[in-house]
Amino acid sequence: MARWGILILCAYFAAALITPALTSLGFLPDPQLGLDNPIYASPSLDHWCGTDRLGRDVCVRTLTGSRVALTVVLLAVSLAVLIGVPLGILSGYLGGFFDRVIVLLMETLYTMPVLLLSVVIAFLLGRGIVNAAIALCVVYVPQYFRVVRNQTAQAKAELYVEAARAMGAGPLWIMRKYLLKNVITSVPVLLTLNAADAVLVLGGLGFLGLGLPEAIPEWGSDLNMALDAVPIGIWWTALYPGIAMFGLVLGLSFVGEALEEFMNLNNVEDSGI
C-alpha cells in the first residue's frame with residue numbers, strides 16, 4: 001500500500017508543479033478562460049476531458065485543482081500539528097486547571113461534526129486559500145491534542161522523566177528533550193489520514209460555495225457546477241474532478257494505512273513479542 005500510495009501522491013505533486021509551468025508557457029490553456037471554446041464540448045483531441053458550461057477546459061482545471069487541494073490541505077494539517085502537539089504536551093505535563101480548561105475546549109470542538117464545524121468557520125472567515133486552511137485546521141487540532149496529551153500524561157510518570165526532574169531539569173527542557181520525541185510517534189499516521197479527510201471536507205466546502213474564490217479552480221466547486229449538466233448527459237464535467245478527488249484521498253489513505261502497520265510492527269518488535 002505504501003508503494004502505491006507514494007506513486008499516486010508523486011503523480012499529484014508532479015501535476016501540481018508542472019501544470020502552472022505548462023500553462024504559463026502556452027502548452028496548456030488558461031483554466032479560467034474559455035470564451036473562445038464551445039460550451040459542453042465532449043472529450044476530444046482538442047480538449048481531452050471536454051469543456052464546461054463556460055467553455056473552460058475540464059482537464060486543465062482538474063490538473064490545476066490538484067495544486068490548490070494540496071496547498072490548502074498541507075497548510076491546514078501543518079497548522080493543526082503546530083498547534084495541537086505543543087498544546088497536548090503542555091496540557092498533559094502541567095495538568096491542573098490549565099489541563100481541565102484546554103481539555104474542555106478541545107472536547108467541545110471534537111464532538112462537533114467535522115463538516116458542520118468547517119462550514120461555520122469558513123462562513124465566518126470568508127472565501128480564500130488561507131481561510132479554508134484555517135477552517136480545516138480548527139477541525140483537526142483536537143485530534144492531535146487528544147493523542148499527544150494522553151501519551152504525555154503516561155510518559156511523564158516514566159523513570160527517565162523522574163530522573164531528569166531529580167537532576168534539576170526544568171519543565172520546558174523535559175518536554176522538549178524527553179517527551180516530544182516519545183509522544184509524536186503516532187502523529188505521522190494521524191497526519192496522513194487527516195489529510196485524506198481534509199480533501200473531502202475541502203471538496204464539501206467548495207461544493208457549498210464556501211471554500212475558495214470562483215477565480216481559483218477547485219474540484220468541489222466544479223462538481224457543484226456540474227449538477228445541472230449531468231441530468232442532460234454531460235457527464236465529463238463531474239467525472240474527472242470526482243476521479244481526481246477520489247485518487248488523492250486513496251493515495252493518502254494508502255500511505256496512512258501503511259504507516260500505521262509499520263508503527264504497529266515496530267511496537268511489537270520493541271516489546272519483544
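Placement of I83 and I184 within a single hydrophobic cluster is found when ILVMFWY residues are connected by side-chain heavy-atom separations under 4.5 Å, directly or transitively. Both F98 and V148 are assigned to one and the same hydrophobic cluster, defined by single-linkage of ILVMFWY side chains at heavy-atom distances under 4.5 Å.
At a threshold of 4.5 Å between non-hydrogen side-chain atoms, the residues L248 and I8 do not count as touching. By the 4.5 Å heavy-atom criterion applied to side chains, L115 and P113 are not counted as neighbours. Side-chain contact between L179 and I174: present, with at least one pair of heavy atoms (C-beta onward) separated by less than 4.5 Å.
In terms of modelled atom types and a separation under 3.5 Å, the side chain of S221 and the main chain of F207 share no donor-acceptor contact. Looking at W236, its side chain never comes within 3.5 Å of a backbone N or O of W48 through a donor-acceptor pair. Looking at T192, its side chain does come within 3.5 Å of a backbone N or O of P188 through a donor-acceptor pair. Judged by distance alone, the side chain of T237 and the main-chain N or O of D52 form no donor-acceptor pair under 3.5 Å.
Between L74 and S78, the shortest heavy-atom contact is O-OG, 2.6 Å. Closest approach of L193 to G256, counting heavy atoms only: CD2-CA, 4.0 Å.
Taking a 6.0 Å sphere around CG of L124, one finds it holds more than 12 heavy atoms contributed by other residues, nucleotides or ligands.
Residue pairs meeting the side-chain hydrogen bond (donor to acceptor under 3.5 Å, both in side chains) criterion with at least one partner in residues 86-95, sequence neighbours excluded, are S91-D99, Y93-R165. Pairs passing the side-chain hydrogen bond (donor to acceptor under 3.5 Å, both in side chains) check and including a residue from residues 104-133, sequence neighbours excluded, read E107-R146.
Using cut-offs of 30° and 60° for the angle between ring planes, the Y12 and W219 rings count as perpendicular.
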